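The first residue of the sequence shown is numbered 1, and numbering continues consecutively from there. The shown structure was predicted, so the numbers you read here are calculated from the model rather than taken from an experiment.
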Amino acid sequence: MRPLPTLMVAPNGARKTKADHPALPITLEETVATAVACHAAGAQGAHLHVRDAHGHHVLDAGLYRELLSEMHNAVPNMMCQITTEAVGRYTAAQQRQLVDAVQPKCVSISLAEMLSDGDTPQATRFYAKCKEADISVQHILYDAHDLRVLSDLLANEALATDDLQVLFVLGRYSEHQESTPQDLGIFTQWLGAFETAPDWAVCAFGKQETACLTEALRLGGKIRVGFENSFWNANGTIANSNSERVAEVNRIVQNLGPHSSSFLS
């Protein structure tokens with residue numbers, strides 16, 4: 001199992017376009033160039049989406065394989081994580097098929113989307129298959145319901161606890177998708193039930209992205225930053241690029257130190 005990097009960049013996501021920000025990478029070439037700049041600014045990993053010729057988010061195995069190959073050539077020391085995000089278009093079966101076809105080293109998967117068809121045994125077999133193939137799965141969690149579902153899976157031994165990786169998403173369902181550091185509360189409370197915390201990270205929507213990520217770092221977590229979630233710098237200005245956002249939060253990482261403290265200690 002590959003540990004999550006302290007600082008990962010999510011440069012584009014599934015929904016935003018250049019109408020939202022002209023520097024949002026859409027093509028494979030733009031995504032690779034953005035990753036190179038973000039790696040130089042301090043990002044150790046990249047959370048990757050691919051788009052079709054019309055700029056639409058797709059779960060396309062061929063495009064992902066091409067992007068991963070280009071990333072390996074351009075930034076061989078950068079961890080690359082693909083996504084199975086459904087955006088209301090893809091079934092759980094199609095998400096599983098993507099991972100089977102690409103065989104990535106790392107993938108992020110929304111727990112709710114993977115269980116959306118109600119076939120928990122199939123999902124359980126899929127997660128076990130990923131573990132056997134040494135594919136690191138980061139479970140995306142949005143709210144208290146997701147936490148309860150994951151707790152049930154762990155209690156029933158449908159998922160292993162020894163290599164559990166999670167991403168807590170702040171603000172996705174808040175008004176105007178604006179997160180606050182206080183949104184971390186339900187997630188840190190859940191983590192408190194573990195003797196040893198899972199490998200956890202945070203991303204946050206909106207103008208308080210930096211404040212949320214700083215709080216996650218202070219509590220011993222890891223962070224994901226980038227245009228997928230927010231364009232805003234801490235001072236209220238719009239960042240010119242993903243690498244500008246990475247550079248700002250990387251300075252905080254350096255000042256605080258990774259895993260600076262832990263509420264579990």
Side-chain angles (χ1 to χ4, degrees), residues 1-2 4-5 8-16 25-26 28 31 35 45-52 55-71 78-143 145-147 149-150 153 158-160 163-169 172-173 198-203 205 222 224 226-229:
M1 179 61 64
R2 299 154 196 85
L4 295 171
M8 180 181 290
V9 65
N12 49 14
R15 296 171 175 83
K16 293 176 181 175
I26 297 293
L28 298 189
T31 300
H47 170 78
L48 302 170
H49 292 249
V50 291
R51 306 289 186 96
D52 64 16
H56 300 141
H57 166 80
V58 288
L59 298 185
D60 185 296
L63 286 175
Y64 263 127
R65 284 192 291 263
E66 183 179 353
L67 177 57
L68 291 174
S69 176
E70 293 297 324
M71 288 287 291
M78 195 174 202
M79 192 203 88
C80 295
Q81 179 193 73
I82 74 166
T83 180
T84 65
E85 187 169 353
V87 295
R89 295 179 55 193
Y90 295 98
T91 66
Q94 289 172 313
Q95 293 174 65
R96 294 190 292 268
Q97 289 166 4
L98 174 76
V99 177
D100 287 342
V102 178
Q103 290 292 294
K105 292 181 179 179
C106 306
V107 60
S108 73
I109 302 173
S110 163
L111 189 68
E113 290 180 348
M114 185 52 64
L115 298 175
S116 61
D117 60 0
D119 195 343
T120 301
Q122 183 68 261
T124 299
R125 287 190 290 272
F126 166 75
Y127 288 129
K129 188 176 179 181
C130 288
K131 185 177 178 66
E132 291 171 5
D134 195 28
I135 298 172
S136 298
V137 176
Q138 184 181 33
H139 303 281
I140 305 173
L141 308 168
Y142 291 94
D143 53 26
H145 177 265
D146 285 352
L147 295 175
V149 171
L150 181 55
L153 291 174
L159 285 176
D163 57 1
L164 186 64
Q165 295 183 345
V166 294
L167 176 73
F168 303 138
V169 182
R172 178 68 176 85
Y173 297 118
D199 195 2
W200 65 280
V202 167
C203 70
F205 284 87
K222 300 173 180 179
R224 199 179 85 182
F227 282 2
E228 175 168 347
N229 300 115

TODO: Rounded to the nearest 0.5 Å, what's the gap from OG on S108 to NE2 on H49? Could you check?
DONE: 6.5 Å
- [ ] With rounding to the nearest 0.5 Å, note down the distance linking CE in M114 to OG1 in T120.
- [x] 11.5 Å
Task: Minimum-distance pair of heavy atoms, taken over all atoms of R51 and N12 - done: NH2-O, 3.7 Å
TODO: Find out whether R15 and E85 are in side-chain contact, i.e. whether some heavy atom of one side chain is under 4.5 Å from a heavy atom of the other.
DONE: yes
TODO: With the side chain counted from C-beta on, respond yes when V137 and Y127 share a heavy-atom pair under 4.5 Å apart, and no when they do not.
DONE: yes
Task: F126 and V99, any side-chain heavy atoms less than 4.5 Å apart - done: yes
- [ ] Might you point out which heavy atoms bring F205 and E228 nearest each other, and give the distance in Å?
- [x] CE2-O, 4.0 Å
Task: Minimal non-hydrogen separation, A201 against L4, with atom names - done: CB-CD1, 4.2 Å
Open item on the list: Determine whether a donor-acceptor pair (N or O, by modelled atom type, separation under 3.5 Å) exists between the side chain of R65 and the backbone of Q103.
Closed with: no
Open item on the list: Return the NE2 to CG distance between H139 and L159, rounded to the nearest 0.5 Å.
Closed with: 5.0 Å
Task: Heavy-atom pair with the smallest gap, counting every atom of T124 and A158 - done: CG2-O, 3.4 Å
Task: Side chains of D100 and K129 in contact at under 4.5 Å (non-hydrogen atoms) - done: yes
TODO: Decide yes or no for T31 and E70: does some side-chain heavy atom of the first lie under 4.5 Å from some side-chain heavy atom of the second?
DONE: no
Open item on the list: For a 4.5 angstrom cut-off between non-hydrogen side-chain atoms, does V58 reach R89?
Closed with: yes
Open item on the list: Can you tell me how far apart NZ (K222) and CD (Q138) are? Round to the nearest 0.5 Å.
Closed with: 9.5 Å
TODO: For E113 and A86, indicate whether the former's side chain and the latter's backbone hold a donor-acceptor pair under 3.5 Å.
DONE: yes
Task: The single option from L167, V169, V166 passing side-chain contact (heavy atoms from CB on, under 4.5 Å) against L141 - done: V166
Task: Pairwise distance CD(Q94) to CG(D117) - rounded to 0.5 angstrom - done: 11.0 Å
Open item on the list: Tell me the closest heavy-atom pair linking V107 and P104, and the distance in Å.
Closed with: CB-CG, 4.2 Å
Task: Polar side-chain atom of Y64 near backbone of L48 as donor-acceptor pair, under 3.5 Å - done: yes
- [ ] Quick one: closest heavy-atom pair of G45 and M78, and the distance?
- [x] O-CE, 3.5 Å
Open item on the list: Within the structure provided, determine whether L59 and H57 are in side-chain contact (heavy-atom separation under 4.5 Å).
Closed with: yes
Task: Main-chain N/O of C106 paired to R2 side chain as donor or acceptor, under 3.5 Å - done: no
Task: Atom pair NZ (K105) and CD1 (I82), whose distance is rounded to the nearest 0.5 Å - done: 13.5 Å
